[in-house]
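Atoms considered below: every heavy atom in the structure, side chains included; atoms not considered: hydrogens, waters and symmetry mates. Throughout, numbering of the chain's residues begins at 1 and tracks the sequence.
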Amino acid sequence: MLVISSGFVASAYYHSAYWNGIGYAPVQPGPFSHRKHAGDLRIDCRNCHATVETSAFAGMPSTETCLTCHSQLMTDTPALKPVMESDARRVPLQWIRDTHLPDYVYFDHSIHVNKGVGCTTCHGEVGTMTLTARAEPLTMRWCLDCHRDPGPRLHTSSAIFAATSPAARPHRQPEELLRFYHIHTENLTNCSTCHH
């Protein structure tokens, strides 16, 4: 009985949010709020994550990106002190990613967003997060579930970079989105798709 109980406990732990890092919110160089910037002010994700449409890596905002607005706005607030110090010392901000994949996994942001996978699909309701935290498990099983049936997770082109899910907005049917983005699922589960 003890062996069976231990097995259930181990399995529950392995499949738990804790094991998968859901809710992980690393301490950043400054108290940046996605809720304020992406949610309240509706600043497009691409303003800070500039290479998300063209590169495997979405990019993290440079000091200069922050200063585009904050060289004039709120320059003397404690929240912006790290940005101002970064600029004065000419040392880049060192953002810490909350989403990590193993080195043997190849992930390309550009192909996903160009095929209709919205930011909220993998990163959660970023527009409601004061501190950005990991929202999905990003396990092989989770990715394969999407690759087997991507239609329900696709967004219209106007909603890809929305900071909250498009559930309240009109959207197209999954089959229609699959056709629109020319997605053919027969090759999406090949090992070489993600493991080069």
Side-chain angles (χ1 to χ4, degrees), residues 17 20-101 105-138 153-172 177 180-181:
N20 291 310
I22 295 173
Y24 170 65
V27 175
Q28 298 294 352
F32 180 84
S33 170
H34 273 88
R35 179 169 55 192
K36 180 67 173 171
H37 291 81
D40 298 344
L41 297 174
R42 297 177 190 234
I43 296 173
D44 192 296
C45 303
R46 295 166 287 189
N47 285 358
C48 299
H49 304 286
T51 58
V52 70
E53 293 177 288
T54 58
S55 172
F57 183 55
M60 296 297 250
S62 65
T63 304
E64 291 75 22
T65 300
C66 300
L67 290 174
T68 302
C69 297
H70 290 296
S71 63
Q72 303 295 316
L73 300 170
M74 304 171 62
T75 58
D76 58 349
T77 61
L80 281 171
K81 186 177 180 186
V83 174
M84 298 308 170
E85 287 177 357
S86 167
D87 183 50
R89 292 183 302 158
R90 300 284 184 233
V91 175
L93 290 166
Q94 298 296 313
W95 299 107
I96 301 167
R97 293 169 49 182
D98 60 57
T99 341
H100 298 279
L101 294 176
V105 176
Y106 176 75
F107 178 84
D108 188 324
H109 272 89
S110 65
I111 191 65
H112 286 82
V113 298
N114 287 305
K115 291 292 186 178
V117 179
C119 301
T120 57
T121 302
C122 302
H123 297 290
E125 301 289 318
V126 178
T128 64
M129 294 181 190
T130 301
L131 296 177
T132 307
R134 187 179 211 178
E136 296 294 345
L138 304 179
R153 295 161 183 89
L154 300 178
H155 300 269
T156 58
S157 54
S158 63
I160 291 172
F161 298 102
T164 55
S165 342
R169 294 188 287 278
H171 59 281
R172 293 156 81 173
L177 288 167
F180 177 78
Y181 289 114

Separation of [Y] [atom2] from [X] [atom1] (nearest 0.5 Å):
X: K36; Y: T130; atom1: NZ; atom2: OG1; answer: 11.0 Å
X: Y181; Y: H112; atom1: OH; atom2: NE2; answer: 13.5 Å
X: R134; Y: C122; atom1: CZ; atom2: SG; answer: 10.5 Å
X: H34; Y: E125; atom1: NE2; atom2: CD; answer: 13.0 Å
X: M60; Y: T65; atom1: CE; atom2: OG1; answer: 11.5 Å
X: C69; Y: L41; atom1: SG; atom2: CG; answer: 8.5 Å

May I ask you to check whether T51 and T54 show a side-chain donor-acceptor distance below 3.5 Å?
-> no

Closer than 3.5 angstrom, by distance alone: can the side chain of [X] be matched with the main-chain N or O of [Y] as a donor-acceptor pair?
X: T121; Y: R153; result: yes
X: T75; Y: Q72; result: no
X: Q28; Y: I96; result: yes
X: H49; Y: G59; result: yes
X: Q94; Y: P29; result: no
X: D98; Y: P26; result: no

Considering all heavy atoms, the nearest [X]-[Y] contact:
X: A79; Y: P82; result: O-CD, 3.5 Å
X: H70; Y: M84; result: O-CE, 3.1 Å
X: G23; Y: A133; result: O-CB, 3.7 Å
X: A135; Y: G124; result: CB-CA, 3.6 Å

Report yes if some heavy atom in the side chain of [X] is under 4.5 Å from a heavy atom in the side chain of [Y]; otherwise report no.
X: V113; Y: F161; result: yes
X: V117; Y: I160; result: no
X: V52; Y: C45; result: no
X: T120; Y: V126; result: no
X: V83; Y: L93; result: yes
X: C66; Y: T63; result: no

In terms of the angle between their ring planes, are H109 and H123 parallel, tilted or perpendicular, with boundaries placed at 30° and 60°?
-> parallel

Classify the ring geometry between F32 and W95 as parallel (under 30°), tilted (30 to 60°) or perpendicular (over 60°).
-> perpendicular

